[in-house]
Protein chains: 2
Amino acid sequence: MVNNTSNLSTSYTDNILKFLSPTQLDQLEQKQYSVNFNKGENIFKQGAPMPHIIVIKSGLAKVYLEDGTNRNIILRIIKPGEIIGGPGFFTDYKHHFTVTALEDTVANYIGMDDFKSFLMNNPDFAIELIAYLNKAHISLYDKFKIITHKHMNGRLASTLVYLSDSIYNSLDFETSLTRQDIADMSSMTKESAIRILKDFKTSGIIECTNNHFLINDKQALLSILQNG
Amino acid sequence: MVNNTSNLSTSYTDNILKFLSPTQLDQLEQKQYSVNFNKGENIFKQGAPMPHIIVIKSGLAKVYLEDGTNRNIILRIIKPGEIIGGPGFFTDYKHHFTVTALEDTVANYIGMDDFKSFLMNNPDFAIELIAYLNKAHISLYDKFKIITHKHMNGRLASTLVYLSDSIYNSLDFETSLTRQDIADMSSMTKESAIRILKDFKTSGIIECTNNHFLINDKQALLSILQNG
DNA sequence: CTTTTGTGTTGATATATATCAATATATATT
DNA sequence: AATATATATTGATATATATCAACACAAAAG
């Protein structure tokens with residue numbers, strides 16, 4: 001028997017740039033530049049070359065896998081302060097997922113060469129990056145378990161707990177995610193997601209109208225996640 | 001539209017220890033020790049502390065996630081030469097998957113402190129490790145796409161291609177994997193796996209009796225992977 | 001050599017989930 | 001305000017897949 005309480009999409013990092021030396025942070029300040037994205041715009045596309053590491057300064061974005069079908073797999077939501085590199089660095093230097101702004105978003109760009117030099121010259125930073133990658137890896141394993149062995153109710157409960165705990169930090173939140181997005185986070189169709197939201201509503205576990213969500217009975221959600 | 005031809009479980013690495021300096025390799029030689037495992041024995045268990053990095057010297061092993069149900073998720077098969085660390089290092093120093101010998105297997109143990117000192121003193125090795133972790137990450141993304149958006153035929157085809165291409169390097173192989181293992185690699189029940197194997201057999205795509213597999217029409221498998 | 005135990009196989013059935021189609025509601029545009 | 005467009009909702013139906021049960025076969029144990 002094994003631990004089994006993790007979320008479908010855990011927020012697995014704060015900004016690891018805090019592990020840079022003061023000199024490196026100075027260097028970063030001078031060289032990075034920022035770009036504004038409107039709601040709905042792609043910040044970068046899966047398959048495209050990856051000449052930069054990006055840090056979200058404000059706004060909110062979704063990270064998802066495209067696989068040629070019309071359905072996407074949303075891996076996680078990124079909040080301000082988070083770095084987005086992706087597994088492309090030191091491998092093929094391509095993006096392996098697409099990132100789209102859910103709200104108006106400001107992103108800072110860090111050149112790949114700068115980033116690499118930080119790594120080479122600062123072993124502690126390298127170790128923190130490895131730790132960061134490993135945490136991302138662990139959260140993927142958790143997602144795997146939930147997606148392959150949990151039914152829809154459990155998967156949707158997991159998404160709601162993730163949004164509440166890791167993104168909005170409240171039981172009561174307005175979201176810019178569509179029902180389709182919530183479905184893409186939970187590996188189901190939007191019709192199924194809507195039906196389950198309705199069930200949760202009827203049972204009194206949550207309230208939701210349009211973009212407003214209120215979790216009345218978090219314990220019930222956790223129990224559905226656990227058993228469903 | 002995005003690339004979509006990857007395997008369900010890609011072998012994503014050769015031994016990254018070759019990037020150690022000669023001195024470090026010497027040091028490693030002297031300090032590492034090896035252990036024999038019989039077929040069926042656990043090499044390590046998910047949740048257990050991780051005081052060592054392990055390298056498989058001979059034999060074959062399966063890496064899988066346990067999630068409290070009686071079904072497992074086989075992530076990949078490990079061949080001789082491959083390192084097994086797992087995402088525990090620099091995080092919680094626990095194993096996040098279980099590894100079990102499929103055949104009699106010899107494993108070498110490398111102390112965590114030694115491994116860490118290699119990293120701190122050899123930036124190139126650190127970068128190779130990051131590359132290795134990223135490749136593992138990419139292969140997990142691929143597995144995600146297949147599991148969430150492919151039907152059973154495609155998932156089983158993917159497993160067969162993986163075994164042929166990445167593990168046995170032949171269209172014709174004897175395997176120590178059970179039908180249950182093949183099912184666990186393909187995210188389905190063993191009954192479903194058996195039925196699909198039978199379908200593939202009837203269509204002339206493969207031959208299989210007991211532990212012997214022969215892929216007659218690899219193109220057909222690839223096409224099922226792509227479209228099914 | 002027989003018994004036991006694990007693995008493989010097949011069929012019948014139940015269930016979870018997707019698909020399709022119709023309608024409602026909200027958001028954007030003119 | 002009126003129209004167009006995207007998103008949300010609901011119901012009916014089809015389909016993929018799991019579950020259950022029975023049996024066959026092979027490997028291991030006595």
Side-chain angles (χ1 to χ4, degrees), chain A residues 38-41 62 67 69-74 100 102-104 146-159 174-202 206-213 224 227-228, chain B residues 38-41 62 67 69-74 100 102-104 146-159 174-202 206-213 224 227-228:
Chain A
N38 296 322
K39 176 174 177 169
E41 286 183 329
K62 60 177 172 180
D67 70 349
T69 70
N70 54 349
R71 296 173 57 199
N72 296 320
I73 302 167
I74 296 185
T100 301
L102 290 165
E103 303 169 358
D104 293 353
I146 291 173
I147 283 180
T148 52
H149 292 327
K150 296 282 178 191
H151 285 175
M152 292 200 298
N153 284 28
R155 303 206 299 272
L156 191 67
S158 163
T159 295
E174 300 276 331
T175 183
S176 38
L177 294 163
T178 65
R179 296 295 189 267
Q180 182 66 59
D181 286 332
I182 289 171
D184 286 343
M185 293 175 78
S186 316
S187 301
M188 63 186 67
T189 59
K190 72 172 186 309
E191 290 93 333
S192 293
I194 287 166
R195 273 183 254 269
I196 295 166
L197 284 175
K198 196 187 171 191
D199 286 351
F200 286 177
K201 230 161 136 179
T202 318
I206 65 166
E207 286 167 39
C208 70
T209 42
N210 303 327
N211 299 325
H212 176 249
F213 286 76
I224 290 166
N227 308 314
Chain B
N38 296 321
K39 175 174 176 170
E41 286 182 329
K62 61 177 172 179
D67 69 348
T69 70
N70 54 347
R71 297 173 58 200
N72 296 319
I73 302 167
I74 296 184
T100 301
L102 291 165
E103 302 170 358
D104 293 351
I146 291 174
I147 283 181
T148 53
H149 292 329
K150 297 282 179 193
H151 284 175
M152 290 199 300
N153 284 28
R155 302 207 298 271
L156 192 67
S158 163
T159 295
E174 300 276 332
T175 182
S176 39
L177 294 162
T178 64
R179 297 293 189 268
Q180 182 66 60
D181 286 331
I182 290 171
D184 286 343
M185 293 175 78
S186 316
S187 301
M188 64 186 67
T189 59
K190 75 170 184 310
E191 290 93 332
S192 292
I194 287 166
R195 273 183 254 269
I196 294 165
L197 283 175
K198 195 186 171 191
D199 286 351
F200 287 177
K201 229 160 136 180
T202 319
I206 64 167
E207 286 167 38
C208 70
T209 42
N210 302 328
N211 299 325
H212 177 249
F213 285 76
I224 288 166
N227 310 314

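Worth knowing before you read on, the calculation uses all heavy atoms, side chains too, and leaves out hydrogens, waters and symmetry mates. Residue numbers start from 1 in every chain, and the chains themselves are labelled A, B, ... in the order their sequence lines are given, proteins ahead of strands. These figures come from a predicted structure and were not determined experimentally.
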Using a 4.0 Å heavy-atom cut-off across all strands, classify A:Thr178 as base, sugar-phosphate, or nothing. sugar-phosphate
If you round to the nearest 0.5 Å, how far is [atom2] of [Y] from [atom1] of [X]?
| X | Y | atom1 | atom2 | result |
| --- | --- | --- | --- | --- |
| B:Ile182 | B:Leu177 | CD1 | CG | 5.5 Å |
| B:Thr148 | A:Asp67 | OG1 | CG | 6.0 Å |
| A:Ser187 | A:Arg155 | OG | CZ | 5.5 Å |
| A:Met185 | A:Ile147 | CE | CD1 | 10.5 Å |
| A:Arg179 | A:Glu191 | CZ | CD | 13.0 Å |

Rounded off to whole Å, could you give me the CZ-to-C1' distance for the A:Phe213 and D:dA8 pair? 11 Å
Here the pair of heavy atoms bringing B:Leu102 nearest to B:Lys39 is O-CG, 3.3 Å
Between B:Phe200 and B:Asn153 the two heavy atoms that sit nearest each other are CZ-O, 3.7 Å
Validation row: B:Ile73, B:Asp184 side chains within 4.5 angstrom (heavy atoms): no
Validation row: A:Ile196, A:Met188 side chains within 4.5 angstrom (heavy atoms): yes
What is the first contacted nucleotide of DNA chain C and what is the last, in 5' to 3' order, if contact means an atom lying under 4.0 angstrom from a heavy atom of chain B? C:dG8 to C:dA12
Contact residues, residues 193-201 of chain B to DNA chain D [heavy atom, < 4.0 Å]: B:Arg195
Give me the bend of the helix from C:dC1-D:dG30 to C:dT30-D:dA1, using the axes of the five pairs at each end, rounded to 10°. 40°
Comparing A:His151 with A:Glu191, nearest DNA chain D nucleotide closer to 5' gives the residue A:Glu191
Residues A:Lys62, A:Asp181; criterion salt bridge (charged side-chain N to carboxylate O under 4.0 Å, His left out); working and verdict: CA-CA 9 Å; A:Lys62 60 177 172 180; A:Asp181 286 332; 2.7 Å; yes
